[in-house]
Amino acid sequence: MTRIKLTVDGASVADDVEPRMLLVQYLREKLGKTGTVIGCDTSNCGACTVHVNGRSVKSCNMLAVQADGAEVTTIEGLAKDGELHPVQEAFRECHGLQCGFCTPGMIMRSVDLLQENPKPTEEEIRIGLEGNLCRCTGYHNIVRAVQHAAGGEVTA
Amino acid sequence: MIPAQFDYVAPTSVEEALALLAQHGDDAKIIAGGQSLLPVLRMRLNAPELVVDLGRIDTLRGVRDDGDALVIGAMTTHDDVSKDPMVAEHAALVSRAMEHLADAQVRHRGTFGGALAHADPAGDLGAPAMALGAEFVISGAGGERRVGADDFFEDLFTTAIGDDEILTAVRIPKHTGWGAHYEKFVRVAHQWPIVAVAATVRTEGGAIAEARIGLTNMGSTPLRARAVEAALVGQPATEEAVAAAAAAAAEGTNPPSDLNGDADYRRHLATVLTRRAVLAAAGV
């Protein structure tokens, strides 16, 4: 077992974990943060996307021990004081989901995309979300939601 | 899918990491960004006893100017390399290839040295490294040695790095003012390339003065298209002249056949993509 200490959604946590434990397992099974889901389990689909030190990563493709000392934000840490994050609000407003399974990862990736590029074009959004798959193929409304969150013209 | 059990250690210096490798031999496996290794461990295609994480060795990160070359630390993430202004100015071909490498989340974790050491012939960085004449800086018990790109890639997933050695940096000779383009052919988003071509050229008054071309997934290692490079010298940067030179792109290659295409298809693709890549690199 290896001792890790990190911040998850603003709270300090410390645990002894097996080195082979994936970050996504740690979040779900140790911390009960099941908002972050496991989709493909092969690092393709992006459903497990969280932020590590502010940048989007696939939490099924990172060991919990590699997050020692890091600041992790999950979908559960986005809303503040009962208010949805603007990107969450935009996904609701534009119905950027069908079954909803990819939504936590789509939102976490979109938040990071907009931090880096606050006014993306439709093409930049599609390229920026390349690592996130929607099994319902509901991409058009997802792109609209990101455009809406960016305060831009919704063209997709 | 959960990896088999392993011990884990995260040294903070290259010396410490080398001592661990010397002690554990091939029972140890290095993890860099882990974007290729973790899927392998999860599918249990490999089950090392010890995983040595280079992620806490700060000296392995960053890009620095070393006169006639840029030195890219092996643990610099793809994302950091892709945004580095020195790389954009002096090794534009690397920046172009980065635009197409995997996806944003993978680029945030994956590392420049890790991807090259993994040596997947369908990886996007081998061909640019070949084209730019990169030198690989490898540390071992006996000190540091440098290996040229032609000798670094030995076979599928096999490089000149020994079991007790670590790739610490990649030196890229500056190609300031050279145009560059990476032409990648895929069927779906963030797929490995079926074939890709990395081209960088220096033009003088509308003619190609020098050209360097690397091929992705045209053999068990990344390759140079030397016949095309030679044929391009002195040619006008026109569609006809470049197409004629690019016809030799598959010379000396040994591409795989798989569900994405057979070897003949890949040979044809190489000539088409080489023409496109060279024309784009020349600004045509």
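Each chain gets a letter, A, B and so on, in the order its sequence line appears, and its residues count up from 1.
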Review point. Hey, do the aromatic rings of B/Phe112 and B/His78 have their centres closer than 6.0 Å?
Key: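 No: the rings miss the under 6.0 Å criterion.
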Toward chain B, the part of [X] with a non-hydrogen atom under 4.5 Å:
X	value
A/Glu130	both
A/Gln66	both
A/Ile127	neither
A/Met21	neither

Review point. Are more than 12 heavy atoms from other residues, nucleotides or ligands located less than 6.0 Å from atom NZ of A/Lys33?
Key: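 Result for NZ/A/Lys33: enclosed.
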Review point. Crowded around B/Arg44 CZ? As in, over 12 foreign heavy atoms under 6.0 Å?
Key: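 Above 12, so yes.
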Contact winner vs chain A - [options], heavy-atom pairs under 4.5 Å:
options	result
B/Arg109, B/Arg56, B/Arg42	B/Arg42
B/Gly55, B/Ala4, B/Gly33	B/Ala4
B/Gln105, B/Met1, B/Gln35	B/Gln105

Check your understanding: What closest approach, in Å, do B/Ala131 and B/Ala198 show between heavy atoms, and which atom pair accounts for it?
Key ->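 Here B/Ala131 and B/Ala198 meet closest at CB-O, 4.2 Å.
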Exercise for review: Determine whether the side chains of B/Thr216 and B/Tyr182 contain a donor N or O and an acceptor N or O closer than 3.5 Å.
Suggested key: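 There is such a pair between these side chains.
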Review point. Are A/Glu122 and A/Gln147 close enough that a side-chain donor and a side-chain acceptor fall under 3.5 Å?
Key: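 Their side chains do not contain a donor-acceptor pair, so the 3.5 Å distance test is not met.
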Exercise for review: Using a cut-off of under 4.5 Å on heavy-atom pairs, state which of A/Val52, A/Thr2, A/Leu63 scores highest against chain B.
Suggested key: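 Heavy-atom pair counts peak at A/Leu63.
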Check your understanding: Among A/Val57, A/Asp68, A/Asn61, which has the most heavy-atom pairs under 4.5 Å with chain B?
Key ->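 Greatest number of close heavy-atom pairs with chain B: A/Asn61.
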Give every donor-acceptor pair under 3.5 Å between a side-chain atom in residues 98-109 of chain A and any protein atom, sequence neighbours left out.
{"residue": "A/Thr103", "atom": "OG1", "partner": "A/Gly100", "partner atom": "O", "Å": "3.0"}
{"residue": "A/Arg109", "atom": "NE", "partner": "A/Gly128", "partner atom": "O", "Å": "2.7"}
{"residue": "A/Arg109", "atom": "NH1", "partner": "A/Ser56", "partner atom": "OG", "Å": "3.0"}
{"residue": "A/Arg109", "atom": "NH1", "partner": "A/Asp112", "partner atom": "OD2", "Å": "3.2"}
{"residue": "A/Arg109", "atom": "NH2", "partner": "A/Gly128", "partner atom": "O", "Å": "3.4"}

Check your understanding: With a 4.5 angstrom heavy-atom cut-off, which part of B/Leu41 approaches chain A: side chain, backbone, both or neither?
Key ->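 B/Leu41 has no heavy atom closer than 4.5 Å to chain A.
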